[in-house]
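Data block below; observations after.
Order of listing sets the numbers, starting from 1, for every ligand and every atom in it. Atoms considered below: every heavy atom in the structure, side chains included; atoms not considered: hydrogens, waters and symmetry mates.
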Amino acid sequence: MGGKLKVFSVLVSLFAVTAMIASCAGPTPSPTPTVSSPTPTVSSPTPPPPEVNALTVYHWWTSGGEKAAIDALIKVYATKYPDAAIMQTPVTGGAGFTMMGIIKTLVLAGDAPDAFQMHAGYEGKPYFDAGLLDPIDNLWKEEGLEAVIPEVVRHMCQFDGHYYSVPVNIHRVNVVWYNKSLLDKNGIDPTTLTTWDAFFAACDKLKAGGVQYPIQMGEAWTAAHAFEQIMASMGIDFYQDLINGKITSADDPKLSQALEIFKKYLGYVNPDHAALTWDDATKRIITGDGAFNIMGDWANGEFYVAKMTYGEDYGTFAVPGTQGMYGLCIDVFQHPKGVKHPTNSLGWLKVVASKEGQDAFNPIKGSIAARTDADISKYGPYQQSAIADFKAAKYMFPSVVHGSGAPESFKVKLSDIISGFTTDLDVSKAAQALTSYTKEISGEYTIQWSLK
Ligand code: GAL
C-alpha cells in the first residue's frame with residue numbers, strides 16, 4: 001500500500017464525553033431548508049427478553065444495495081450461529097446521522113444493542129472515553145486479524161493502543177459516478193475530467209445539450225460530503241490541517257477557494273436536493289436525469305441492484321484534483337460493555353471480520369474488503385479497480401462526514417454550515433463559521449493525523 005496514514009497521541013478527553021451527552025438531546029437542527037428533508041424512520045422489532053438467545057443489531061443500511069448487502073452478511077451469521085434469533089433494527093438516514101443519536105441514548109441508558117454499526121476513527125472515541133466499550137484485543141489475536149488488515153485500518157480501530165472495533169469494509173468517498181450514455185452523447189471523455197475547470201466545462205456542455213441539472217445531489221450530509229471532497233482536492237496538507245483542527249483563519253486562501261468551487265458546483269445542482277436521500281440522487285444518474293453524482297462507493301450497490309453494467313452503462317472517476325488519493329469511510333462494529341448477549345455479540349464480530357462474511361457483504365455493498373486476503377474474483381469491475389487504486393494510493397484521508405477524521409461535533413456543524421451555504425452561498429460567512437467553530441472545540445481534537 002502506497003498511502004501512509006497514522007494516528008498519533010489519542011488523549012482522553014472530557015470534552016468528547018460532554019459533547020456525546022449533549023448530543024443525546026437529538027441532532028442539531030439544520031438551518032431551515034427550502035424543501036423539507038426526508039423523514040427518518042426506525043423500524044425496530046420489540047427487543048427480546050435478555051434470556052432469549054438473540055442478537056440485536058442496529059445499522060443504517062436501508063437503501064436497495066445496502067439492504068441486499070446486510071442481508072448477505074446476516075445469512076453468513078445465521079449459518080454459523082443457527083440458534084440465535086437475529087433482531088435487526090435498520091434506521092433510515094444515510095451516513096448514520098440519525099442512528100447515532102438513537103444509539104447514544106440506548107448506550108447511556110445501559111441498553112446497548114449487541115452490535116451496532118459505527119465508523120472507525122473518531123466516532124467511537126466518546127464511547128471509549130466514557131468507558132462504554134470493551135477492548136477486543138483477544139478477538140483480533142484469535143482471528144489472526146493483524147496479519148490480514150492493512151495498517152491504516154488497524155490504526156483506526158484502536159484507542160490507546162488497544163483494539164475496540166472490527167472493520168467490515170473500506171469504502172472510498174472521493175468518487176464521481178457518471179451516466180455513460182449522457183457523456184457519450186455530449187462528447188465528454190471522463191478521463192479528461194481531472195480538474196475542476198474541466199469538470200465545469202463538461203457540465204456546461206451537458207447543459208447546452210439539454211441536461212438541465214448535470215450534477216445530482218441529496219440531503220444536507222451529501223452536500224457536506226461533496227464539499228469534503230472539494231476540500232481534499234485542495235491538497236493533502238490542507239486536509240491534514242483541517243482534520244487536526246488547524247484551519248482557524250477565516251481568510252485561509254484554500255478554504256475560501258474550496259467554498260468558491262463549491263459555490264460554482266451548486267450552480268449545476270438539482271434545486272430539490274434537500275428533499276432527496278443519497279440514493280434518490282444516485283438513482284437519477286441511473287435513469288439519466290443527471291450525469292454526475294459525487295458519492296461514496298456504496299453508490300455502486302444501487303447500480304448493482306439496478307443491474308447496470310460498469311463501463312457500459314455507468315462509470316467513475318476520482319473527484320477532480322484527488323487523483324491518487326483514497327478517501328476512507330470504514331464501517332466497524334464493536335463490543336459495548338454490558339450487552340445482553342455477549343457471546344452472540346462476539347460471534348457477530350467474528351463473522352464481520354471473517355473472509356467469508358466480508359466476501360458475502362462487500363461485493364454487493366460497493367466497498368472493498370477490509371481484509372487483504374479477499375477473493376477478488378467475487379468482486380465486480382468497479383471494486384477491482386478500487387482495490388488497485390487502494391494499493392497504489394499516494395495518500396489516504398479519513399472522511400469527516402463519515403465519522404472518522406474529526407470530532408463528531410465538527411462533523412455535525414460542518415453539515416449544518418454547508419446546508420446553510422447551499423441556500424445563501426455566502427463564502428465569508430461559511431469560512432467564518434467553520435473556523436470559529438474549530439477554535440471553539442479545539443480541545444476535542446484528540447487525534448493527531450499524519451497523512452503523508
Ligand atoms: C456511510 C456508511 C456506508 C453507507 C453510507 C450511506 O457512512 O458507512 O456504509 O451506508 O453511509 O448510508
Quick one: look up the protein heavy atom nearest atom 10 (O) of ligand 1 and list residue, atom name and how far away it is.
Glu66 OE2, 2.4 Å
With only distance considered, is Trp298 within less than 3.5 Å of ligand 1 through an N or O on each side?
no
Is there a donor-acceptor pair under 3.5 Å between the side chain of Ser345 and the backbone N or O of Asp114?
yes
Just distances here: any N/O of His119 and N/O of ligand 1 closer than 3.5 Å?
yes
Give the intermediate values and the outcome of salt bridge (Lys or Arg N to Asp or Glu O under 4.0 Å) for residues Lys378 and Asp375.
CA-CA 6 Å; Lys378 293 203 161 92; Asp375 178 355; 3.5 Å; yes
Return the closest protein heavy atom for atom 1 (C) of ligand 1 as residue, atom name and distance.
His402 ND1, 3.4 Å
Thr316 side chain vs Val176 backbone, donor-acceptor pair below 3.5 Å:
no
In the protein, which heavy atom is nearest to atom 3 (C) of ligand 1, and how far is it?
Lys365 NZ, 3.4 Å
Run the ring-centre check on Trp177 versus Phe292 and record whether the distance is less than 6.0 Å.
no
Do any heavy atoms of Gly96 fall under 4.0 Å from ligand 1?
no
Looking only at protein heavy atoms, which one is nearest to atom 8 (O) of ligand 1, and what is the separation?
Asp331 OD1, 2.4 Å
Show the atoms of ligand 1 that are less than 4.0 angstrom away from any heavy atom in Gly94.
12 (O)
Value rounded to 0.5 Å, distance of CD in Gln240 from OG in Ser450:
5.5 Å
Do Glu123 and Lys411 sit within salt-bridge range, that is, some charged N less than 4.0 Å from a carboxylate O?
yes
